[in-house]
Amino acid sequence: MNVTVEGKPTANRKGAVDQPKPRQRLVVIGNGMAPGRALERLFEQAPDAYEVTIFNAEPRVNYDRIMLSPLLSGEKSFEQIVIHGDGWYVKHGVTLYKGATVTQIDRAAKTVTTARGITVPYDKLLIATGSLPIIIPVPGHKLAGVLSYRDLDDVQAMLLAAKSRGHAVVIGGGLLGLEAAVGLKEQGMDVTVVHLAPTLMERQLDTPAGHLLQRAIEARGIRILTGANTKAILGEKKVEAVLLEDGTRLVADLVIMAVGIRPNAQIAKDAGLTVNRGIVVDTSMRSSDPEIYAVGECAEAHGQVFGLVAPLYEMASVIAQQLAGDATAAFQPSALATKLKVTGINLFSAGDFAEGRDREEIVLRDAARGVYKRLILKDDKLIGAVLYGDTADGAWLFDMIKKAKPVDAMRDTLIFGPSYAGGSPLDPTAAVAALPDEAEICGCNGVCKGKITAAINTLGLKSLDDVRAHTKASASCGSCTGLVEQLLTISLGDTYNPTAVQPMCGCTTLGHDDVRRLIVARTLQTIPDLMQALEWKTSCGCAKCRPALNYYMIATWPDTYKDDGQSRFINERVHANIQKDGTYSVVPRMWGGVTSAKELRAIADIVEKFEIPTVKCTGGQRIDMLGVKKEDLLAVWADLNKAGMVSGAAYAKGLRTVKTCVGTDWCRFGTQDSTGLGVKLEKFLWGSWTPAKLKLAVSGCPRNCAEATCKDIGVICVDSGYDVHFAGAAGLDIKGTELLGHVTTEAETIEVIAALTQLYREQGRYLERIYKWAKRVGLETIRQQIMADVERRKALYDRFVLSQSFSQKDPWAERVGGHDAHEFAPMADLTRLEAAE
Amino acid sequence: MSAMKGWIDIGAVVDIPMLGARVVKSAVGCIAIFRTEADEVFAIDDKCPHKAGPLSQGIVHGRAVTCPLHNWVISLESGAAQGADSGQVRTYRLKVEKGRILLDGATLAASHAA
Ligand code: SRM
Ligand SMILES: Cc1cc2nc3c(=O)[nH]c(=O)nc-3n(C[C@H](O)[C@H](O)[C@H](O)COP(=O)(O)OP(=O)(O)OC[C@H]3O[C@@H](n4cnc5c(N)ncnc54)[C@H](O)[C@@H]3O)c2cc1C
Ligand code: SF4
Ligand code: FES
């Protein structure tokens with residue numbers, strides 16, 4: 001499995017033995033979005049009709065090419081944009097050759113042959129070779145550092161180049177060029193866009209919208225040169241500069257050419273198929289050879305080639321139907337809509353928006369809000385729309401363009417959208433409710449409102465992921481996610497539980513992982529900045545998101561972030577545990593569970609002095625004083641500090657206790673100094689904040705008297721060294737630990753545990769204990785990163801040490817010293833005033 | 001009781017951390033004084049309608065506070081429990097003048113009588 005070299009198929013053929021009549025062989029060239037969709041549809045309609053073999057020049061599974069821009073900007077990871085993981089090919093008995101380029105089609109013999117000489121026969125052939133990026137043949141276009149923007153390799157090369165934080169020049173100010181420019185800027189590069197036309201995205205936007213877009217992109221610190229023609233790319237071995245026709249010389253460490261694409265049809269041409277701009281197909285998607293189909297950007301239908309997924313997915317459906325035996329299925333392209341996938345910039349264009357005598361237009365401008373809308377009418381029908389700034393009505397307008405119904409009755413209010421009803425705007429959910437069933441919600445996948453609501457109701461769908469899985473809506477570029485969620489709300493009412501979608505809370509649609517990635521990708525360093533940039537729906541968050549955000553900030557920017565006390569739960573704000581009667585409990589650290597006469601005496605004195613009602617040994621090998629009045633806290637802590645004791649953080653989403661057993665110090669079975677190691681670990685780890693509480697234990701032998709095998713992290717000492725365990729639970733859930741690995745020295749044990757803690761700090765979602773995090777990301781990937789990848793472990797360890805240098809301050813001593821003084825005293829006492837009356 | 005009838009100066013707005021609260025002790029019990037992000041000030045009983053949790057110790061957001069004991073959300077404006085929970089705490093009239101918070105002695109007295 002998972003073999004990526006040519007010649008070794010990834011999956012086994014299913015049913016080779018018990019298949020009575022031989023299935024037809026379908027061979028697919030190219031493994032992009034279009035054939036991926038065609039096969040999905042085919043397997044739904046005729047799961048066993050074909051034995052499928054795919055050749056893919058890219059050495060990987062099918063992924064969402066549209067999402068390369070979020071990948072470049074750091075908003076998504078590759079795993080998140082995979083469409084079909086390896087398992088999918090196994091499940092459907094598909095043989096996938098990764099990194100295998102087909103170089104020849106022999107139509108007489110009905111075979112295809114790859115560059116490395118593998119020949120496979122077909123009954124039906126599907127060509128889906130996509131497009132090739134256009135490279136302008138200016139001098140220097142072959143220098144190292146000149147890239148196109150088409151696949152994962154391009155993005156990886158860009159990310160690598162961006163590490164230098166140098167200068168990037170993007171040639172081309174269309175959709176791809178601008179997405180690349182914004183992504184590279186997010187990665188810290190200095191970016192200039194060179195564009196030939198006078199305004200950006202001139203094929204999708206009219207001039208005013210192009211200018212608004214230019215201003216918005218420039219506001220992000222990207223330089224834009226329009227009307228600029230590239231003359232040459234300069235450099236010795238690698239690119240150094242870009243020279244423009246007017247003599248301007250732009251310094252460049254990286255040049256992205258994003259000037260357009262052309263269908264990749266050479267092998268079809270070589271095989272003698274009819275090729276014009278693309279491989280010419282009829283409405284059944286057959287090429288000039290009836291056994292050979294073409295789909296995607298390489299195909300030319302109705303004299304048109306296509307560069308957006310919506311029509312390609314329509315082609316894919318037709319092919320699936322044809323292959324499944326429905327000869328009537330026919331491809332009919334409809335109007336297209338475009339959106340730019342740059343977070344924070346909203347623009348939408350659809351249909352035909354050129355000016356003309358026979359056309360009328362309706363324009364709305366609101367400079368203060370940065371809103372521009374233009375509708376183009378012809379013969380009383382809406383034929384085009386350009387929206388900038390406020391694109392909420394895009395789906396509704398697009399539906400009207402496609403239907404081509406006369407709009408004279410609503411002409412006066414058309415530009416205000418469906419939410420304009422009798423003078424007062426409806427809320428957005430009501431606007432979606434008002435859409436007709438045929439209104440298209442997901443442009444990429446051509447899914448209309450009726451289909452989504454029907455699926456929600458008949459299949460009992462409950463979450464965004466469910467809808468994505470069953471209807472494909474919102475599963476591609478994601479820009480219709482808000483609309484789909486509104487449909488869920490309309491259909492399910494209060495039973496729609498958005499947490500199933502996993503947004504952090506009601507204040508945002510983003511999940512924890514997205515927020516964490518965006519904090520890094522967009523260098524968000526305070527909670528108000530974050531809420532502004534990520535468009536929080538509430539003015540200042542809520543009791544759910546604020547503590548989480550505060551933790552993510554601390555974990556991401558340990559050296560600069562200023563802790564926000566008001567975003568902490570009371571226990572962490574006052575460093576004690578609130579009790580049911582409003583009093584507090586106080587638990588000092590007792591390193592590794594070891595104490596002394598001095599400490600015990602101090603505790604005894606304090607209990608008497610402050611009349612503390614209860615003293616109790618905790619389940620964590622230390623002593624708890626319960627029922628302390630809030631106004632006594634400072635004095636209690638001052639006395640504890642005097643005896644050398646610090647806060648035990650019994651309240652913290654952070655390091656709690658390190659339990660130990662007596663080990664070689666006393667025990668006749670002890671194999672290592674478990675008590676000493678426990679003390680060292682606690683002294684090294686204390687003060688650290690973690691996604692949820694973190695409890696450790698060290699046992700001196702496998703008898704395990706410290707109960708290390710049900711802790712978040714546990715160590716079992718053995719003769720040959722230390723077994724490090726993790727991901728145990730003994731609270732709401734009971735679960736034994738998993739072995740992380742075996743190490744031989746104390747120093748290594750500490751390094752491994754610190755690295756593991758740091759990895760958890762960086763990846764764990766707020767309130768997610770280690771065992772849940774491990775289950776989510778996989779034990780093996782954690783072992784791999786901590787035990788196998790020594791360099792990675794060292795880097796994690798170093799980051800942990802850096803963070804500790806800012807967090808190991810006793811919070812009690814700080815408060816005794818006057819920090820947060822307001823927390824511990826009433827503001828005014830009116831009882832005295834009243835008594836004086 | 002005459003002094004209790006007028007406006008009582010209980011301290012400065014800046015004595016309360018933004019998105020935080022302070023307590024004022026009074027004969028009718030503790031009153032929690034909140035300061036919101038928009039710099040508005042509210043006074044309500046420091047006693048959750050659920051199980052008497054000290055609301056002043058909760059997390060403040062918008063014009064509401066989440067109780068520290070079991071996470072009920074209480075409106076600072078009306079004193080009513082939000083969402084699915086039902087319950088009500090007393091609110092107190094106050095005004096802010098030149099950065100000082102003045103509590104209405106009359107509401108205090110009224111609650112006396114009640
Ligand atoms: C004091 C103590 C009980 C005792 O008298 O022994 C205790 C007391 C509380 N535990 Fe505990 N737990 C105590 C040991 C444990 C242990 C045993 C251990 O640490 O070895 C466990 C099982 C191990 C674990 O952590 O899973 C434990 C599992 C929990 C849980 C379940 C956590 C889970 O994820 O499954 C909660 C609830 C929670 O955190 O949401 C909890 C929550 C609480 C809280 C904080 C309840 C609350 O939210 O107010 C209690 C606070 C009382 C207070 O104010 O002091 N306590 N609690 C123990 C303090 C240990 C210490 O020295 O710091
Ligand atoms: C950065 C970026 C952003 C985009 N954003 C959007 C967007 O927002 N909205 C939208 O609708 N569209 C967008 N697109 C366009 C969309 O991704 C494409 O239209 C779509 O992916 C084309 O699908 P396809 O299957 O035709 O070809 P591709 O996905 O290009 O797949 C072709 C595959 O065939 C392989 N191949 C080629 N030749 C051979 C051979 N001889 N043998 C074996 N394998 C071969 C290639 O390696 C490639 O993997 C974007 C594209 C890019 C690059
Ligand atoms: S088990 Fe823990 S949470 Fe439950 S009552 Fe005891 S101390 Fe409190
Ligand atoms: S006491 Fe306030 S929520 Fe329970």
Side-chain angles (χ1 to χ4, degrees), chain A residues 494 505-507 527-528 531-532 536-550 563-584 629-631 633 651 767 819-837, chain B residues 1-5 8-33 35-38 43 46-48 51-73 83-84 101 103 105 108-109 112:
Chain A
D494 283 347
C505 63
C507 305
I527 293 177
M531 289 180 176
Q532 184 66 33
W536 236 242
K537 295 186 224 158
T538 49
S539 66
C540 56
C542 71
K544 260 197 193 144
C545 59
R546 285 229 311 273
L549 295 176
N550 192 52
D563 187 36
D564 177 23
Q566 300 315 137
S567 293
R568 284 190 180 274
F569 181 64
I570 180 67
N571 288 0
E572 289 188 352
R573 197 168 350 125
V574 300
H575 298 277
N577 297 52
I578 195 164
Q579 302 296 310
K580 61 181 204 170
D581 60 354
T583 65
Y584 287 82
K629 293 191 241 8
K630 193 173 184 188
E631 50 263 45
L633 284 174
Y651 45 78
L767 299 186
H819 191 280
D820 279 350
H822 62 83
E823 284 286 359
F824 302 94
M827 182 177 204
D829 189 347
L830 303 184
T831 51
R832 279 183 235 140
L833 192 70
E834 289 163 295
E837 288 292 307
Chain B
M1 289 294 288
S2 61
M4 297 305 295
K5 292 265 159 56
I8 309 162
D9 184 331
I10 54 168
V13 175
V14 294
D15 292 343
I16 310 174
M18 182 154 291
L19 290 174
R22 298 286 300 273
V23 167
V24 169
K25 288 190 169 180
S26 85
V28 296
C30 286
I31 302 172
I33 317 290
R35 180 174 170 202
T36 67
E37 193 201 27
D46 192 18
K47 213 170 169 190
C48 180
K51 292 193 174 174
L55 295 171
S56 59
Q57 319 285 295
I59 291 183
V60 182
H61 43 94
R63 285 183 174 168
V65 61
T66 296
C67 177
L69 292 197
H70 317 98
N71 298 329
W72 280 30
V73 177
I101 305 168
L103 199 58
L108 273 183
H112 247 333

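Chain letters run A, B, ... following the sequence lines, proteins first, then strands; residues in each count from 1.
The number of heavy-atom neighbours closer than 6.0 Å to NZ of Lys630(A), taken from other residues, nucleotides and ligands shown, is above 12. Heavy-atom contacts from other residues, nucleotides or ligands closer than 6.0 Å to NZ of Lys51(B) number 12 or fewer.
In this structure, no portion of Thr538(A) lies under 4.5 Å from any heavy atom of chain B. If you measure heavy-atom distances from Pro547(A) to chain B, the contacts under 4.5 Å come from the side chain alone. Neither the backbone nor the side chain of Ile31(B) has a heavy atom closer than 4.5 Å to any heavy atom of chain A. The contact between Glu37(B) and chain A is made entirely by side chain atoms (from C-beta outward), counting heavy-atom distances below 4.5 Å. Only the backbone of Arg568(A) comes within less than 4.5 Å of a heavy atom of chain B; no side-chain atom from C-beta onward does.
Of the listed residues (Ile570(A), Val574(A), Asp564(A)), the one with the most heavy-atom contacts under 4.5 Å to chain B is Ile570(A).
Between the side chain of Arg22(B) and the backbone N or O of Ala825(A), at least one donor-acceptor pair lies under 3.5 Å. A donor-acceptor contact shorter than 3.5 Å is absent between the side chain of Arg546(A) and the backbone of Ile59(B).
We find the CZ-OG1 distance between Phe569(A) and Thr66(B) to be 10.5 Å, quoted to the nearest 0.5 Å. To the nearest 0.5 Å, the span separating CG on Asp581(A) from CG on Leu69(B) amounts to 9.5 Å. Considering SG of Cys540(A) and CE of Met18(B), their distance stands at 10.0 Å, rounded to 0.5 Å. In this structure, CZ in Arg35(B) is found 10.0 Å from CD in Gln566(A), a value given to the nearest 0.5 Å.
Of all heavy-atom pairs spanning Met827(A) and Ala12(B), the tightest one is CE-O, 3.4 Å. When every heavy atom of Ser539(A) is checked against every heavy atom of Gly62(B), the shortest pair comes out as OG-CA, 4.3 Å. Nearest approach of Gly541(A) to His61(B), heavy atoms of both residues: O-CB, 3.2 Å. Across Thr831(A) and Ser26(B), no two heavy atoms sit closer than the pair CG2-C, 3.4 Å.
Considering only heavy atoms from C-beta on, Ile578(A) comes within 4.5 Å of Pro54(B) through its side chain. Contact annotation: the side chain of Asp829(A) never approaches that of Val24(B) to less than 4.5 Å [non-hydrogen atoms, C-beta and beyond].
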